[in-house]
There are 2 protein chains.
Amino acid sequence: MAVSKTEEFNKVDIELAEIAKALSHPARIKILKILNDLDSCMVGSIVDLLPLSQSTVSQHLKELKRVDLIKGEIEGPKICYCINPIVLEKAMNGFNKLFLQVCKC
Amino acid sequence: MAVSKTEEFNKVDIELAEIAKALSHPARIKILKILNDLDSCMVGSIVDLLPLSQSTVSQHLKELKRVDLIKGEIEGPKICYCINPIVLEKAMNGFNKLFLQVCKC
DNA sequence: TATATTCATCGTATATTTACGATGAACGAT
DNA sequence: ATCGTTCATCGTAAATATACGATGAATATA
């Protein structure tokens with residue numbers, strides 16, 4: 001974009017938008033579901049369940065990690081990813097607050 | 001992107017990702033709040049409350065309209081935008097379902 | 001120490017997003 | 001009929017996102 005105006009908005013809106021951006025690709029939504037379902041949280045197991053290359057999946061994981069929706073723990077040569085329930089709950093509350101605030105229904 | 005793989009994911013995830021994408025910019029989150037607060041829903045009134053040009057705001061409105069989060073009604077030379085409560089509720093339910101499904105908390 | 005496994009990152013190509021000013025279409029008012 | 005208002009769209013520029021293969025770093029094992 002020409003020049004970002006993002007910083008001119010309020011912090012709550014910026015943060016919620018960041019979470020929304022992290023959820024704005026079906027691969028990343030599916031990754032959250034996979035992490036919840038799977039016992040093994042290795043990247044390889046996730047790659048096997050997605051129609052994407054390992055490097056692409058790694059980028060999607062990075063995006064989820066960027067907003068702390070997931071965290072990665074090193075286990076030898078592997079990395080165990082898991083959902084960060086604190087941030088997930090914060091995200092849920094943020095969306096609910098927005099929707100309830102904005103919905104006259 | 002090289003080639004989109006989006007169609008290889010399931011429909012529910014794709015649709016939720018589309019909603020998330022529409023909410024992935026603070027201007028669009030603020031627009032929803034503005035539409036809720038304001039009596040007048042003219043584009044000009046929205047532009048006045050955002051640090052963006054009229055054409056940029058129009059693009060953000062288009063993105064929200066694309067996923068039916070808002071609808072526009074022509075009133076003479078003006079257009080009255082308002083929130084679509086049906087889609088908003090669907091979005092809220094979609095996010096809640098995801099978060100509850102994925103959160104072991 | 002050499003090898004295999006696991007994963008992030010680099011480099012790259014293309015698509016999309018974000019932003020603006022300029023223009024044009026539609027309508028009401030003069 | 002002309003003019004002002006309102007808004008979408010076009011054209012454009014720059015940033016970001018999405019995808020891949022190749023490479024490299026880190027660890028465990030032989």
Side-chain angles (χ1 to χ4, degrees), chain A residues 1-9 13-14 17-31 34-35 38 40-67 70-82, chain B residues 1-9 13-14 17-31 34-35 38 40-67 70-82:
Chain A
M1 52 190 140
V3 162
S4 176
K5 298 273 181 103
T6 294
E7 67 283 349
E8 303 195 28
F9 294 90
D13 291 350
I14 293 170
E18 284 295 313
I19 299 285
K21 193 167 72 171
L23 297 173
S24 72
H25 195 290
R28 294 195 287 267
I29 291 183
K30 188 162 184 188
I31 286 172
I34 290 171
L35 287 181
L38 236 54
S40 156
C41 45
M42 272 180 44
V43 175
S45 314
I46 302 168
V47 173
D48 289 344
L49 295 172
L50 293 173
L52 299 170
S53 74
Q54 180 263 319
S55 61
T56 302
V57 171
S58 195
Q59 281 185 89
H60 284 306
L61 289 167
K62 192 179 180 181
E63 174 69 12
L64 289 170
K65 218 172 14 174
R66 190 181 62 82
V67 296
I70 64 173
K71 34 187 183 177
E73 205 171 313
I74 298 172
E75 282 188 0
K78 307 180 193 176
I79 295 186
C80 177
Y81 280 103
C82 59
Chain B
M1 50 188 143
V3 162
S4 176
K5 298 274 180 102
T6 294
E7 67 284 348
E8 302 196 28
F9 293 91
D13 291 351
I14 293 170
E18 284 295 314
I19 298 286
K21 193 168 73 171
L23 297 173
S24 72
H25 195 290
R28 294 195 287 268
I29 291 183
K30 186 160 185 189
I31 286 172
I34 289 171
L35 286 181
L38 235 55
S40 155
C41 45
M42 273 180 45
V43 175
S45 315
I46 302 168
V47 172
D48 290 344
L49 296 171
L50 293 173
L52 298 170
S53 74
Q54 180 263 319
S55 62
T56 302
V57 171
S58 196
Q59 280 183 92
H60 283 306
L61 288 167
K62 192 180 179 182
E63 174 68 13
L64 288 169
K65 219 172 14 174
R66 190 180 62 82
V67 296
I70 64 173
K71 34 188 183 177
E73 205 170 313
I74 298 171
E75 282 190 1
K78 307 180 193 174
I79 296 187
C80 176
Y81 279 103
C82 59

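Residue numbers begin at 1 in each chain, while the letters A, B, ... track the order of the sequences.
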What integer distance in Å separates L61(A):CG from dA19(D):P? 13 Å
Donor-acceptor pair under 3.5 Å: do we get one between Q54(A)'s side chain and the base of dA8(C)? yes
Below 4.0 angstrom from OP1 or OP2 of dA17(D), is there any side-chain N or O of H60(A)? no
Quick one: which of dT18(D), dT16(D), dC20(C) gets closest to the side chain of S53(B)? dC20(C)
Would you please test R66(B) and E18(B) for side chain to side chain contact (heavy atoms under 4.5 Å, CB included) and show each step? CA-CA 9 Å; R66(B) 190 180 62 82; E18(B) 284 295 314; 2.6 Å; yes
Is the shortest side-chain N to carboxylate O distance from K21(A) to E63(A) below 4.0 Å? no
Look at the side chain of Q59(A) against the base of dA19(D) and say whether a donor-acceptor pair falls under 3.5 Å; ignore hydrogens and angles. yes
Separation of atom CD in E8(A) from atom P in dT18(C), rounded to whole Å: 16 Å
Interatomic distance where CG belongs to L23(A) and C1' belongs to dT18(D) [whole Å]: 17 Å
Selected nucleotide, minimal atom distance to S58(A) side chain, candidates dT9(C), dC27(C), dC7(D): dT9(C)
Nearest to the side chain of M42(A), which nucleotide is it out of dT9(D), dA8(C), dC7(C)? dC7(C)
Sole candidate of K71(B), E73(B), K65(B) that passes side-chain contact (heavy atoms from CB on, under 4.5 Å) when paired with Y81(B): K65(B)
It should be established whether K78(A) places a side-chain nitrogen or oxygen under 4.0 Å from OP1 or OP2 of nucleotide dA28(D). no
Need to verify one output field. Residue with the more 5' nearest nucleotide on DNA chain D, K62(B) or K21(A)? K62(B)
Just compare dT18(C), dT17(C), dA8(C) and give me whichever is closest to any side-chain atom of I79(A). dA8(C)
Heavy atoms from C-beta onward define the side chain here; which of dC7(D), dA19(D), dT9(D) lies closest to that of S55(B)? dT9(D)
Report the residue from I31(B), I29(B), L35(B) that forms a side-chain contact (heavy atoms from CB on, under 4.5 Å) with L64(B). I31(B)
Using atom CD of E7(B) as one end and atom C1' of dA15(C) as the other, report the distance to the nearest whole Å. 14 Å
Between C1' on dT16(C) and NE2 on H25(A), what's the gap in Å once rounded to a whole number? 12 Å
Nearest-nucleotide 5' precedence on DNA chain C, L52(B) against R66(B): R66(B)
In whole angstroms, the gap separating P of dA14(D) from NZ of K5(A) amounts to 16 Å
How are the rings of H25(A) and F9(B) set to each other: parallel, tilted or perpendicular (split at 30° and 60°)? perpendicular
Which nucleotide in the set dC7(D), dT17(C), dT16(D) lies at the smallest distance from any side-chain heavy atom of Y81(B)? dC7(D)
With the side chain defined as heavy atoms from C-beta on, V43(A) is closest, among dT18(C), dC7(C), dT27(D), to dC7(C)
Can you measure E63(A) atom CD to dT9(C) atom P for me and round it to whole angstrom units? 13 Å
d(CD, E75(B); P, dA29(C)) in whole Å: 13 Å
Could you walk me through whether C41(A) and C80(A) pass the disulfide (SG to SG under 2.5 Å) test, one step at a time? CA-CA 5 Å; C41(A) 45; C80(A) 177; 1.9 Å; yes
Closer than 4.0 Å, any side-chain N/O of T56(B) to the OP1 or OP2 of dC20(C)? yes
